[in-house]
Amino acid sequence: MNVTATRLREHVDRLADEHPPIELDSVDYTVRDPEAFGARFGHVLDYMARVELEVDRNVLELTTMLPDPPEIDRYFYADVWQPQEIRHGIILDRLQVELGRPPAETNLDEVGIKLRILGALGRHHGFQDVCRMLYYLTGMATERSAVLAYNLLHSGVVEMGEQAVAETVIAPIKRQEPGHYAFYQLSARLHWSRLARWQRWLVRRMRTISFAPVGANTPQQQAAFGDLMDTLGITPALDDFVARVSMVERELLWAGRQGLRVPRYVVHAFRDAVEQAVATRHVA
Ligand SMILES: [Fe+2]
Ligand SMILES: [Fe+2]
């Protein structure tokens with residue numbers, strides 16, 4: 001095992017050890033002003049709850065797309081990541097129900113045709129390595145978005161004076177996200193270094209045509225994501241946010257392009273979500 005592979009294993013061991021899933025009875029759902037809190041952040045909780053709960057579908061997608069994962073990947077997603085994320089989802093969803101909102105509508109078991117095709121092609125080993133890279137890149141962008149979004153949500157909740165929720169819901173969740181990001185980042189760096197030219201070329205192509213912000217796969221979901229960015233104050237500083245989300249992806253995939261601050265497909269995907277939200281508001 002080389003240095004990065006050893007670090008990766010130690011990292012997952014540490015997460016398993018230091019970050020058990022959040023205890024459900026450690027959570028205090030007391031909200032001082034449920035109406036004001038729900039009006040401001042209800043839709044944000046709903047979006048995050050859905051994405052977190054859909055971790056079960058993500059695992060299904062993963063096992064379809066990568067039928068033959070390395071042990072370290074399986075260890076991470078089955079023993080660390082899924083148990084943590086599902087709790088995030090359960091807690092956030094319960095909080096929005098406490099506020100009088102309906103629970104999140106999730107899609108837990110429908111694996112899209114695109115991923116099934118990738119899975120079928122993935123029996124070819126060289127191609128499965130391309131899929132793995134796409135998985136790490138998606139994980140990186142998703143977890144980085146989560147880290148930034150939970151930080152902003154935490155500030156907003158504190159600002160509203162909702163201490164119980166800030167301390168027992170958002171803070172414990174946000175503490176677990178950077179470890180996920182670190183896993184994908186280490187994995188992406190290690191894996192990219194092993195890919196051949198044709199594989200790298202294919203990763204760039206496929207990423208360019210398939211990138212989407214986390215959980216935003218339909219126009220409705222894009223609009224909901226646009227609203228989330230608006231409420232969290234991301235929209236006015238969108239370019240900066242997008243640059244942070246895609247920093248390592250740009251470094252690895254697009255190192256040769258001097259002056260490219262953010263991959264264009266990432267900027268476009270986030271801007272589409274903002275525009276979709278504006279368009280939906282005008283119709284409503
Ligand atoms: Fe999470
Ligand atoms: Fe996460």
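Counting starts at 1 for both ligands and their atoms, following the listed order. Owing to the predicted nature of the structure, the values given are computational and were not obtained by experimental measurement. Quick note: numbers below take in every heavy atom, side chains included, and nothing from hydrogens, waters or symmetry partners.
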May I have the list of side-chain donor-acceptor pairs in residues 163-170 shorter than 3.5 Å, sequence neighbours left out?
unit_1 : atom_1 : unit_2 : atom_2 : d
Thr168 : OG1    : Asp28  : N      : 2.9
Thr168 : OG1    : Asp28  : O      : 3.2
Thr168 : OG1    : Ala164 : O      : 2.8

Atom name in Glu143, limited to N/O/S, at shortest distance from the Fe ion (ligand 2):
OE1
For Thr218, enumerate each residue passing the side-chain contact (heavy atoms from CB on, under 4.5 Å) test, keeping only those at least two apart in sequence or located in another chain.
Gln220, Gln221
Side chains of Gln185 and Tyr181, heavy atoms from C-beta outward: is any pair under 4.5 Å?
yes
Flag the pair Phe76 / Tyr184 as yes when their ring centroid distance falls below 6.0 Å, and as no otherwise.
yes
Do Arg50 and Glu54 sit within salt-bridge range, that is, some charged N less than 4.0 Å from a carboxylate O?
yes
Please tabulate, for the side chains in residues 17-27, all donor-acceptor contacts under 3.5 angstrom to protein atoms that are two or more places apart in sequence or on a different chain.
unit_1 : atom_1 : unit_2 : atom_2 : d
Ser26  : OG     : Glu23  : O      : 2.6

2.8 Å cut-off (strict), protein N, O or S atoms about the Fe ion (ligand 1)
5
